[in-house]
**Student:** 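Quick one: the structure is below, questions incoming.
If you're wondering where the values come from, they're calculated on a predicted model, not measured in any experiment. In what follows, chains carry the letters A, B, and so on, assigned in the order in which the sequence lines appear, proteins first and then strands, with residues in each chain numbered from 1.
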Amino acid sequence: MRRSKLFLPTLKENPSEASITSHRLMLRAGMIRQASSGIYTWLPLGYKVLKNIENIIRIEQNLISQELLMPTIQDSAIWKKSGRFDDYGKEMLKFKDRHEHELIYGPTNEELITDIFSKNIMSYKSLPLCMYHIQWKFRDEIRPRFGVMRGREFLMKDAYSFDKNKEDAIKCYNRMFLSYLRIFNKMQLKAIPVAADTGPIGGDLSHEFIILAETGESDVFIDKNILNEDIPDIKYDDSEEILKLVNKLTSYYTAADDKHNENEYYKKVNEDDRLQTRGIEVGHLFYFGTKYSKPLDACIANIDGNNTPVEMGSYGIGVSRLVGGIIDAHHDEKGICWPESVAPYIVGIINLRVNDSACIELSDKIYNFLINKNIEILYDDRDEGAGIKLAEMDLIGIPWQIRIGPRGINNGFFELLNRKSGKIIEIPINETDNIIKNILG
RNA sequence: CGGGGCGUAGCGCAGCCUGGUAGCGCACCUGUUUUGGGAACAGGGGGUCGAGUGUUCGAAUCACUCCGCCCCGACCA
């Protein structure tokens, strides 16, 4: 993509509407604009990142689940049946269509997927079944804030599992646990599983995945050692190994403020290992058994021939929130430093002198070379001062910058800069292959 | 919903106290010179001062009402 053609309205100054880092940087880097309180337009650069995050989630979730797409608008009837129409309270947006029929904008989808299940699955032989979708949700938050971190409209991945008994349901829960660890790991986030309350979703087993951040909304108390745990290479069908991993990770003391117990914390964790900070919830696992299958009559014929309510769980990831979370974890004073896995462009080319024919020739050559290698690239071909272009490339956080200017060309090289480390590699002009080696190596 | 703050050009702000018909920086347009970290000079365009009502000869400025946005708290992916 040529920068001269890209809709990328960056801001030099901090907008007054933003107070925290991720929000400020998303506005300044031209990723989002606010449409209304807690509701945002995703501009091209931000949307690319959002899509990249979605795809990381997709690739990992597809190993244990199937993707479908449910609507944003739901009929209020199923919510009345589950009892949540009233329980969910003012957070749920309710409205009527032209026939005075009551609808809601889905804050989550347990009712809808349970309804689909009950109408199409009759037997335990069709289980286990796990499905997910990535869809916009609306929760009319009391106080939206921090940009996409607590929006009213937000993109969520929500998965739902159906099993014939509790034992199988827990196995699915644990597979999700592993899947979440891998997903967050791919985004270069240290997500810590924390025992959690179940809130309006309900149920008796639940973990939140929290990333540590000073701007997080809840206090967390953890045993530092959990941060050193690696994610082992386990196959998803190896329930025993997965269980061992889950048990190991959940044996560490980790708690958000609502479940924190000071005495236990002091007893269980050495003083040097205690870490009290703030965190952002990016994922949540729930096992809730038959909480929805009973009222919505989602029953299966079980092995013994009796109809029994299906065992369920649900598993959410805040996709749009992750964009903010990743920025919070990966930025410096100049701007964003995207992990390559989610970066909107992998390489940025800066032609420092757009009226110099040698610079144009080399820039175009490298641009076309990288396009042919299927590398996402942003080519700043604008007639602007060098400082403007360098500063913007830093701000929007492109992991690799290629700088082409007369100074280098006269000495037979161009520069490849790593955004995160700041290291510059000088590459001879006719060795463009070296770009690939450095980026991938 | 309780507490606090804000609303003036695309962005950041001044002007308001003490009413006299709107200004600065950045950005934008034209030209010249520049060109390796947010250039210089010259010229130019852009505003129902969040909305309504009132007070007044006259309101961005004073009063009242409403709307919107942000921050702290209770709730949550």
**Student:** Please figure out whether A:Phe146 or A:Glu208 has its closest RNA chain B nucleotide nearer the 5' end.
**Tutor:**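 Checking each residue's closest nucleotide, the 5'-ward one belongs to A:Phe146.
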**Student:** In the structure shown, which nucleotide is the Watson-Crick or G-U wobble counterpart of B:G43, with both distances under 3.5 Å?
**Tutor:**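 Checking every strand shown, B:G43 finds its partner in B:C29, with both distances under 3.5 Å.
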**Student:** Whole angstrom is fine here: how far is it from CD in A:Glu110 over to C1' in B:A77?
**Tutor:** 11 Å
**Student:** Could you check how far NE2 of A:His133 sits from C1' of B:A77, rounded to whole Å?
**Tutor:**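 Between C1' of B:A77 and NE2 of A:His133: 13 Å.
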**Student:** Stepwise, does the ring-ring contact (aromatic ring centres under 6.0 Å, His included) test hold for A:Tyr379 with A:Tyr367?
**Tutor:** CA-CA 7 Å; A:Tyr379 173 18; A:Tyr367 180 50; 4.9 Å; yes
**Student:** OP1 or OP2 of B:C71 versus the side-chain N and O atoms of A:Ser19: is any pair under 4.0 Å?
**Tutor:** yes
**Student:** Reckon A:Gln34 has a side-chain N or O less than 4.0 Å from the OP1 or OP2 of B:C70?
**Tutor:**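 The answer is yes; a side-chain N or O of A:Gln34 sits under 4.0 Å from OP1 or OP2.
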**Student:** Should B:U18 form a Watson-Crick or G-U wobble pair with both distances under 3.5 Å, which nucleotide is its partner?
**Tutor:**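 None - no nucleotide pairs with B:U18, as no candidate has both distances under 3.5 Å.
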**Student:** Classify the nucleic acid contact of A:Pro406 as base, sugar-phosphate or nothing, counting any heavy atom under 4.0 Å across all strands shown.
**Tutor:** base
**Student:** Which residue lies toward the 5' end of RNA chain B, A:Gly385 or A:Arg145, if each is placed at its nearest nucleotide?
**Tutor:** A:Gly385
**Student:** Taking atom CD of A:Glu361 as the centre, does the number of heavy atoms from other residues, nucleotides or ligands within less than 6.0 Å exceed 12?
**Tutor:** no
**Student:** If only side-chain N and O atoms of A:Ser36 are considered, is one of them under 4.0 Å from the OP1 or OP2 phosphate oxygen of B:C69?
**Tutor:** yes
**Student:** From the options B:C11, B:A77, B:G36, select the nucleotide whose nearest atom is closest to the side chain of A:Glu415.
**Tutor:** B:G36
**Student:** Using a 4.0 Å heavy-atom cut-off, does A:Val282 contact any base of the nucleic acid, only the sugar-phosphate backbone, or nothing at all?
**Tutor:** sugar-phosphate
**Student:** Given B:G37, B:A39, B:G36, identify the nucleotide with an atom nearest to the side chain of A:Ile388.
**Tutor:** B:A39
**Student:** Could you tell me the separation between the CZ atom of A:Arg278 and the C1' atom of B:C72, rounded to a whole number of Å?
**Tutor:**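 Spelled out: CZ on A:Arg278 to C1' on B:C72 is 11 Å.
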**Student:** Would you say the base of B:G38 and the side-chain of A:Glu392 have a donor-acceptor pair closer than 3.5 Å?
**Tutor:** no
**Student:** If you measure from CG on A:Asn109 to CG on A:Leu68, what distance do you get to the nearest 0.5 Å?
**Tutor:** 9.0 Å
**Student:** Return the nucleotide paired to B:U65: Watson-Crick means purine N1 to pyrimidine N3 with N6-O4 or O6-N4, wobble means G-U with N1-O2 and O6-N3, both under 3.5 Å.
**Tutor:** B:A51
**Student:** With a 4.0 Å cut-off on heavy atoms, is A:Arg28 in touch with a base, just the backbone sugar-phosphate, or nothing at all?
**Tutor:**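 Base contact - A:Arg28 has a heavy atom under 4.0 Å of at least one base atom.
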**Student:** What I want to check is whether an N or O donor and acceptor connect the side chain of A:Asn355 with the base of B:U35 at under 3.5 Å.
**Tutor:**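 Answer yes: a donor N or O sits under 3.5 Å from an acceptor.
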**Student:** Tell me whether A:Lys94 is salt-bridged to A:Glu102, with the criterion being a basic N under 4.0 Å from an acidic carboxylate O.
**Tutor:** no
**Student:** Is any side-chain N or O of A:Ser16 closer than 4.0 Å to OP1 or OP2 of B:C13?
**Tutor:** yes
**Student:** Rounding to an integer number of Å, can you tell me how far A:Ile360 CD1 sits from B:U35 P?
**Tutor:** 16 Å
**Student:** By the 4.0 Å heavy-atom rule, please label A:Glu141 as base, sugar-phosphate, or nothing.
**Tutor:** base
**Student:** For A:Lys294, is the NZ atom crowded, meaning more than 12 foreign heavy atoms sit under 6.0 Å from it?
**Tutor:**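 Not buried by this count: 12 neighbours or fewer within 6.0 Å.
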**Student:** If you go through the side-chain atoms of A:Glu13, does one of them form a donor-acceptor pair with the base of B:G25 closer than 3.5 Å?
**Tutor:** yes
**Student:** Picking from B:C70, B:C11, B:A77, which would you name as closest to the side chain of A:Leu11?
**Tutor:**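 For A:Leu11, the side-chain atoms sit closest to B:C11.
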**Student:** Write down the distance between CG (A:Leu390) and P (B:A39), rounded to a whole number of angstrom.
**Tutor:**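 About 11 Å, once rounded to whole Å.
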**Student:** Applying the Watson-Crick and G-U wobble criteria at under 3.5 Å, what pairs with B:C75? Answer none if nothing qualifies.
**Tutor:** none
**Student:** Using a cut-off of 4.0 Å on non-hydrogen atoms, how would the nucleic acid contact of A:Ser320 be classed: base, sugar-phosphate, or nothing?
**Tutor:**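 Nothing, no nucleic acid heavy atom in range.
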**Student:** Nearest whole Å is fine: how far is B:G37 P from A:Leu417 CG?
**Tutor:**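 Spelled out: CG on A:Leu417 to P on B:G37 is 14 Å.
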**Student:** Using Watson-Crick or G-U wobble geometry with both distances under 3.5 Å, which nucleotide pairs with B:A9?
**Tutor:** none
**Student:** Contact class for A:Gly283 (heavy atom, under 4.0 Å): base, sugar-phosphate, or nothing?
**Tutor:**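 If one applies the 4.0 Å heavy-atom cut-off, A:Gly283 turns out to touch the sugar-phosphate alone, with no base involved.
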**Student:** Which whole number of Å gives the distance between the C1' atom of B:A60 and that of B:C16?
**Tutor:** 7 Å
**Student:** Do A:Asp394 side-chain and B:G37 base share a donor-acceptor contact under 3.5 Å?
**Tutor:**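 Check passes, donor-acceptor contact within cut-off.
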**Student:** Would you say A:Phe413 has more than 12 foreign heavy atoms packed within less than 6.0 Å of its CZ?
**Tutor:**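 Atom CZ in A:Phe413 is packed in, count exceeds 12.
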**Student:** Please work out if A:Gly30 contacts a base, only the sugar-phosphate, or nothing of the nucleic acid, heavy-atom cut-off 4.0 Å.
**Tutor:**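 Answer is nothing: A:Gly30 stays at 4.0 Å or more from every strand.
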**Student:** Rounded to whole Å, how long is the line connecting atom CG of A:Leu27 with atom P of B:C11?
**Tutor:**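 Distance check: A:Leu27 CG to B:C11 P gives 11 Å.
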**Student:** Over how many whole Å does the gap from A:Asp380 atom CG to B:U35 atom C1' extend?
**Tutor:**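 Rounded to whole Å, this separation is 14 Å.
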**Student:** Is A:Lys373 atom NZ crowded by more than 12 heavy atoms from other residues, nucleotides or ligands, each under 6.0 Å away?
**Tutor:**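 No, NZ of A:Lys373 has 12 or fewer neighbouring heavy atoms, counting only those of other groups under 6.0 Å.
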**Student:** Heavy atoms only, 4.0 Å cut-off, all strands: where does A:Ala391 land among base, sugar-phosphate and nothing?
**Tutor:** base
**Student:** Which nucleotide, B:G38, B:C1, B:A77, lies nearest any side-chain atom of A:Ile142?
**Tutor:** B:C1
**Student:** Is it the case that the side chain of A:Lys389 and the backbone of A:Asn351 share a donor-acceptor pair, with hydrogens and angles ignored and the cut-off at 3.5 Å?
**Tutor:** yes
**Student:** Does A:Arg143 have a side-chain nitrogen or oxygen under 4.0 Å from the phosphate oxygens OP1 or OP2 of B:C71?
**Tutor:** yes
